[in-house]
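The sequence lines fix the lettering, A, B, ..., with proteins before strands; numbering per chain opens at 1. Just so you know, these numbers use all the heavy atoms, side chains as well, and skip hydrogens, waters and symmetry mates. Just so you know, these numbers come straight off a predicted model, no measurement behind them.
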There are 2 protein chains.
Amino acid sequence: MTYQPAESGLALWRRVADAIESGIAGGKYQAGTRLPGELEIAEQFGVHRHTVRRALATLAERGLVRAERGSGTYVEAQRIAYPIRSRTRFSEIIGTSGREADGRLIDSSVEPAGADLAKKLGLKANAPVVRIDMLRQANRVPICVGTSWLPAERFPAADRIYKTTRSMTKTLAHFEVTDYRRAVTRVGAALVDAADCAALDLRPGSPILLVESVDHDLNGDPILTTRARFAAERIEFVIES
Amino acid sequence: MTYQPAESGLALWRRVADAIESGIAGGKYQAGTRLPGELEIAEQFGVHRHTVRRALATLAERGLVRAERGSGTYVEAQRIAYPIRSRTRFSEIIGTSGREADGRLIDSSVEPAGADLAKKLGLKANAPVVRIDMLRQANRVPICVGTSWLPAERFPAADRIYKTTRSMTKTLAHFEVTDYRRAVTRVGAALVDAADCAALDLRPGSPILLVESVDHDLNGDPILTTRARFAAERIEFVIES
DNA sequence: CAAAGATGTCTATGTCGATAGACAACTCGC
DNA sequence: GCGAGTTGTCTATCGACATAGACATCTTTG
């Protein structure tokens, strides 16, 4: 065989890399253990050793594996557990895992709410909302990018507060909302697009977790809805019922 | 420019296809609406129109969009909402959405539990468990493949029951477990591997949702743990807190 | 120390991916 | 009915992808 991309649009080395990465994510190759040799992997996938080398090179560059000359290639990585429950706070979760949480404001504005947004926040159509685009990191590693919307009437200039506090919890506290609850979370998966690719420091074709959420205050009134994209290779959601 | 895969291992047309698919999943292009013209998309991504055409062709083949000659290309798809709560039943969820649920047994056996598995099911190390590999469909469209494990002592020959009932709920009912609860669910995302690619009828490089779950009976004793891979393009999880 | 086995690097060759340009066929609005 | 704008199809060119084989360099084991 020479070159048979089989209509998938994925380079062969990329398919091999993805398969190994899946193996690591799925527990087939555990952290610290040694991967099979390059020749063995090549035989397993029915490809040339050079193709395997290219796959491993990209995994090594991303810090997922580490090649040791003369010895073998070893698994490095581990995902952060991200619990989703009624009390879900980015900075708390990251902090509890022993990492330093950070939120950067990318852009913001006040806009009229579309139909979908107004319904989620319990507002009249075209009521003003504050839009906050942000990038969240753990130990300087980007975890997710996303957009939050808050009712502008109740939370005027929430974006300016967020810019200085770098935390949504602290921003809400500014408006006397000392506690709030996650009401609903929707989780899907997709492939990263070009813009997020740069923001999250991912490769094109990496999987991302799409999250859409609504938070209520203690009276049950919606105060915040968010659409975020998480780097799937760095995060795993945990839901306890 | 000629050919610049930019180290990603993804064909350019594939990156464009993924971006458009993300746009559909993320709500940028809503169902029924018209996509921008081929030339416009080409300009937007800085690629040739042929490249865009190839991207759209694959999306059309998968039923995500529909091209109308002389007029434009239109969005078709919509994902199934899959609620995750303490009462989570595949057949119920699919049935409620107006689709026909089906479960096919792929393989099964009785094995000693590994350390991880024994802990999840509250068993002693190496206690026997029934392993059930299955493929689940909605209207004959594959939704997920996965493996369930049950304590073999309490649920002997559970695999044979599953084979005939094609439902885990009915299988448990055979053993006088009329009700049970989801205790914990872990959700991640990855890229599909070769085996699941065939089973789920996906293209290589498609994103999948990884789900690991544990169910308890009403006494709080673990009775069932599952590791499943869902086709992300057909499903979206909903968590209400 | 020596041999086996692992990763690292080089050269060469055939096929596919992406571009470029041109034209056909169809839809819609005026 | 006509023209602008859209999707559908063709030919040609050039660089990247995958293969093939050979050899260097390092680690581990006996």
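At a cut-off of 3.5 angstrom, the base of D/dG8 holds at least one donor-acceptor pair with the side chain of B/R49.
At whole-Å resolution of the value, NE2 in B/H48 and C1' in D/dT11 are 13 Å apart. For the pair A/E40 CD and C/dA6 P, the interatomic distance rounds to 8 Å; values are reported in whole Å.
Distances shorter than 4.0 Å separate some side-chain N or O of A/W13 from OP1 or OP2 on D/dA18. Under 4.0 angstrom from either OP1 or OP2 of C/dG8 there lies at least one side-chain N or O belonging to A/R53. Using a 4.0 Å cut-off, no side-chain N or O of A/T73 falls inside it from OP1 or OP2 of C/dA6.
Nucleic acid contact for B/R34: sugar-phosphate only, since backbone atoms but no base atoms lie under 4.0 Å from a heavy atom of the residue. Nucleic acid contact for B/R54: sugar-phosphate only, since backbone atoms but no base atoms lie under 4.0 Å from a heavy atom of the residue.
Salt-bridge formation is not detected for the pair B/E236/B/R79: no Lys NZ or Arg NE/NH1/NH2 atom is positioned less than 4.0 Å from an Asp or Glu carboxylate oxygen.
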*Intermediate values then yes/no, salt bridge (Lys or Arg N to Asp or Glu O under 4.0 Å), A/R131 and A/D107*: CA-CA 8 Å; A/R131 173 181 58 79; A/D107 190 24; 3.7 Å; yes
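Relative to the side chain of A/H50, the nucleotides C/dA20, D/dG21, D/dT7 differ in distance, and D/dG21 lies closest. Across C/dA22, D/dT19, C/dG8, the shortest atom-to-atom separation from the side chain of A/E38 is found for C/dG8. Comparing atom distances between the B/R69 side chain and each of C/dT7, C/dA25, D/dA20 picks out C/dA25 as nearest.
Atoms CE and OG, on B/M134 and B/S148 in that order, are 3.0 Å from each other to the nearest 0.5 Å.
The closest side-chain donor-acceptor pair between A/S22 and B/D193, if any, does not fall under 3.5 angstrom.
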